[in-house]
Amino acid sequence: MARTTPVKNAWRAIVWLTALTVALTVLIGAGSMFGSASWAPKLALDLEGGTQIVLAPQLESGQTVTSEQLTQAVSIIRDRVDASGVAEAEVTTQGAANIVVSIPGVPDEETLNRIQSSAKLEFRPLLYTDVAPTATATETPEPTDTAATDGETATATPEPTLATTPTAVPTDGSDLNWVTDALFDEFTNFDCASLDNFSVAPAAEPLITCDSDGLYKYILGPVEVEGSTITDATSGLITSSSGVSTGQWGVFLTFDDEGTAGMAEMTTRLFSFDETDPRNRFGIVLDGQVISAPTTQGIITGGNPQISGTFTQETAEILADQLKFGALPIGFEVQSSENISATLGSNQLNSGLIAGLIGLLLVVIYSLFQYRLLGLVTVASLIVAGVLTYLVIAYLSWRHGYRLSLAGVAGLIVAIGFTADSFIVYFERIRDELRDGRSLTGAVEAGWKRALRTIFAAKAVNLLSAVVLFVLAVGNVRGFALTLGITTVIDVLVVVLFTHPVLQLLATTRFFSSGHRFSGLDPNALGAIYRGRAQFRTPAVSKNKTGASREAARRQTIAERKAADLAGTAPDASSDGKDS
């Protein structure tokens with residue numbers, strides 16, 4: 001099979017680049033016509049303004065917020081905002097207790113729910129209810145565990161007996177002595193509609209509350225497992241021990257050592273009640289409301305329970321997503337929500353764009369001055385890189401909620417110099433090969449092999465810096481890191497799929513292959529001295545250019561000078577330009 005020629009490779013690379021560009025264009029175009037896409041990237045808080053939400057803590061009587069709790073809450077809320085796809089949001093503290101969340105633009109309902117839901121999760125044993133169980137809790141079965149079974153929803157339950165006159169001090173969370181006459185009377189008269197103004201109950205006391213729909217009431221014992229002990233939460237379809245899907249959606253939790261021990265202790269006691277309902281159940285309380293009251297169908301000792309019941313895919317995903325980042329150490333409620341104006345505004349954006357255009361113009365001028373018409377390849381490559389970058393930013397803005405901040409614009413401006421760097425390295429490698437006596441076609445291929453290693457090494461360092469900065473930084477700095485990383489990847493794509501292929505094609509043209517003095521690839525102007533293996537020549541010297549011989553000697557490497565000395569053809573750098 002015949003080897004492919006450089007020209008065929010060049011056209012193949014250009015076709016791939018064109019296909020990528022067209023695909024992005026069509027994708028965004030279709031999204032703008034039939035969806036919520038836009039050709040213009042969304043702007044961040046500093047350039048567009050947005051919504052500011054102030055969260056106030058819900059505290060028990062006499063409780064205060066510690067700095068550690070506030071720091072943890074800020075970190076968790078920031079993770080939630082980032083997970084929702086909102087970029088360039090700001091999460092800060094206000095005073096000694098409140099948290100301020102500033103989101104660019106107008107946030108959707110899902111994002112607001114994610115922020116406003118404090119996800120204060122508690123696991124409490126169930127003492128009394130007149131509701132049949134609607135969910136079950138079991139240990140998440142291992143793939144080879146055939147003994148684990150999924151629980152089924154009970155269709156009937158015996159009326160529980162309840163002594164409303166305690167005879168002793170409660171000994172554990174399931175002890176009915178927690179229920180006094182006064183507490184039971186409060187339960188009887190409790191209105192679920194009042195749950196909106198419900199204050200957080202002390203963890204060491206029983207709780208009267210309702211389900212999230214406000215239909216059923218519960219009396220729960222003290223908190224036995226805190227939601228803050230959850231290390232991970234995912235949603236998915238529940239499978240039986242045989243690996244067959246049950247068609248039910250559930251939430252799969254993972255606890256740390258403290259939570260695992262607490263869950264094991266609680267479920268051991270609840271499971272001992274056998275089928276005595278409701279004492280074999282526990283309430284999963286989210287922000288003071290029972291989201292599920294599963295029946296304990298086994299002792300959960302592995303720290304990986306699964307919650308099943310009446311979940312839909314959406315409700316399972318929302319709950320798991322809220323809990324994934326850990327429960328807040330304290331509950332929060334929305335104190336205020338208002339629109340805010342841009343902190344910098346369009347003037348700063350215009351200034352940044354002008355700065356970028358000036359930088360681009362300087363790069364173009366330098367390229368044309370240094371490389372003559374070869375500099376037009378740099379200009380074309382920068383245009384292609386700019387188009388690809390714009391399309392990628394627009395796509396990320398549409399599909400992943402990315403917003404362009406002034407820091408992101410700065411990253412794009414810096415990338416102009418980094419991108420031009422790659423072209424300069426490549427061009428200089430080609431010039432080196434021409435100085436060694438290669439033809440332009442051979443110089444392009446040999447120079448590419450040498451330049452590619454240097455380009456990859458430099459871009460790997462740039463990309464690593466951008467990744468580290470993105471992972472460790474917060475706020476606007478992440479926007480700078482993201483645009484820097486994007487442009488670094490695009491830079492490599494453009495060099496491989498455009499700049500090199502274009503030079504491969506130009507090398508076959510008469511203008512460039514002949515070394516025209518305006519091409520930027522004139523071997524004589526570059527001081528070419530090598531004519532073959534161990535063969536050197538003294539460059540031709542015109543009588544009116546006495547400095548040419550010195551220039552040729554200056555351009556020789558040490559190895560070339562030694563080889564030339566042995567051959568007896570070394571130019572005399574101290575001569576006046578005449579042959580001796």
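For the single chain, residues carry numbers from 1 onward in sequence order.
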Are V251 and Q306 close enough that some pair of their side-chain heavy atoms sits under 4.5 Å apart?
-> no
Between Q504 and E445, does any side-chain donor sit less than 3.5 Å from a side-chain acceptor?
-> yes
Min side-chain heavy-atom separation N98-T93 under 4.5 Å | no
Neighbour count above 12 (heavy atom, 6.0 Å) for W11 CH2 | no
Side chains of T18 and T21, donor plus acceptor under 3.5 Å = no
On the ring face of F470, is R478 found with NZ or CZ under 6.0 Å from the centre and within 45° of the axis?
-> yes
Nearest-0.5 Å distance that lies between atom OG1 in T229 and atom CG in L253 | 9.0 Å
Ring pair (Phe, Tyr, Trp, His ring centres under 6.0 Å): which pairs involve residues 445-465, sequence neighbours left out?
-> Y426-W448, W448-H500
d(L388 CG, F498 CZ) to nearest 0.5 Å is 10.5 Å
T315 and W249: CA distance, side-chain angles, deciding distance, side chain to side chain contact (heavy atoms under 4.5 Å, CB included) verdict | CA-CA 9 Å; T315 57; W249 282 88; over 6 Å; no
D432 versus L434: any side-chain heavy-atom pair under 4.5 Å?
-> no
Check step by step if side chain to side chain contact (heavy atoms under 4.5 Å, CB included) holds for L382 and T378.
-> CA-CA 6 Å; L382 287 174; T378 300; 4.2 Å; yes
Would you mind reporting whether D256 and T260 have side-chain heavy atoms less than 4.5 Å apart?
-> no
Find out whether V7 and L505 are in side-chain contact, i.e. whether some heavy atom of one side chain is under 4.5 Å from a heavy atom of the other.
-> yes
Just by modelled atom types, is the E433 backbone N or O under 3.5 Å from a matching donor or acceptor in the R438 side chain?
-> no
What distance separates L484 CG from L463 CG, expressed to the nearest 0.5 Å?
-> 8.5 Å
Considering only heavy atoms from C-beta outward, does the side chain of L47 approach that of R403 to under 4.5 Å?
-> no
Would a distance-only check, ignoring hydrogens and angles, find a side-chain to backbone donor-acceptor pair under 3.5 Å from Y390 to W39?
-> yes
With the side chain counted from C-beta on, respond yes when F423 and S367 share a heavy-atom pair under 4.5 Å apart, and no when they do not.
-> no
Inter-residue atom distance T231.OG1 - F255.CZ, 0.5 Å rounding = 8.5 Å
Before giving the answer on side chain to side chain contact (heavy atoms under 4.5 Å, CB included), spell out for I393 and W398 the whole-Å C-alpha distance, their side-chain angles and the decisive distance to 0.1 Å.
-> CA-CA 9 Å; I393 293 295; W398 167 39; over 6 Å; no
Pair L45-I340, side chain to side chain contact (heavy atoms under 4.5 Å, CB included): steps then yes or no = CA-CA 9 Å; L45 192 66; I340 56 175; 3.8 Å; yes
Any side-chain donor paired with an acceptor under 3.5 Å for T499 and S381?
-> yes
Kindly state whether the ring of H400 and the ring of Y402 have centres lying under 6.0 angstrom apart.
-> no
Would you check if there is a donor-acceptor pair between the side chains of T488 and N462 at a distance under 3.5 Å?
-> no
State plainly whether the residues E48 and K42 are in salt-bridge range, i.e. N to O under 4.0 Å.
-> no
Heavy-atom closest pair (A316 atom, G250 atom, distance to 0.1 Å) is CB-O, 4.0 Å
With L368 as partner, the option from L376, L373, L374, V363 fulfilling side chain to side chain contact (heavy atoms under 4.5 Å, CB included) is L376
Can N304 and T254 be counted as having a side-chain donor-acceptor contact under 3.5 angstrom?
-> yes
Ring geometry between F511 and H516 (parallel below 30°, tilted from 30 to 60°, perpendicular above 60°) = parallel
Over 12 non-hydrogen atoms of neighbours within 6.0 angstrom of CD in Q370 = yes
Is there side-chain contact between I77 and I99, with at least one heavy-atom pair below 4.5 Å?
-> yes
Measure from the side-chain N and O atoms of T483 to the backbone N and O of G479, and report whether any donor-acceptor pair falls under 3.5 Å.
-> yes
Got more than 12 heavy atoms from elsewhere within 6.0 Å of CD, E258?
-> no
Main-chain N/O of S422 paired with K459 side-chain donor or acceptor, under 3.5 Å = no
Between CD1 of I413 and CD1 of I358, what distance do you get to the nearest 0.5 Å?
-> 9.5 Å
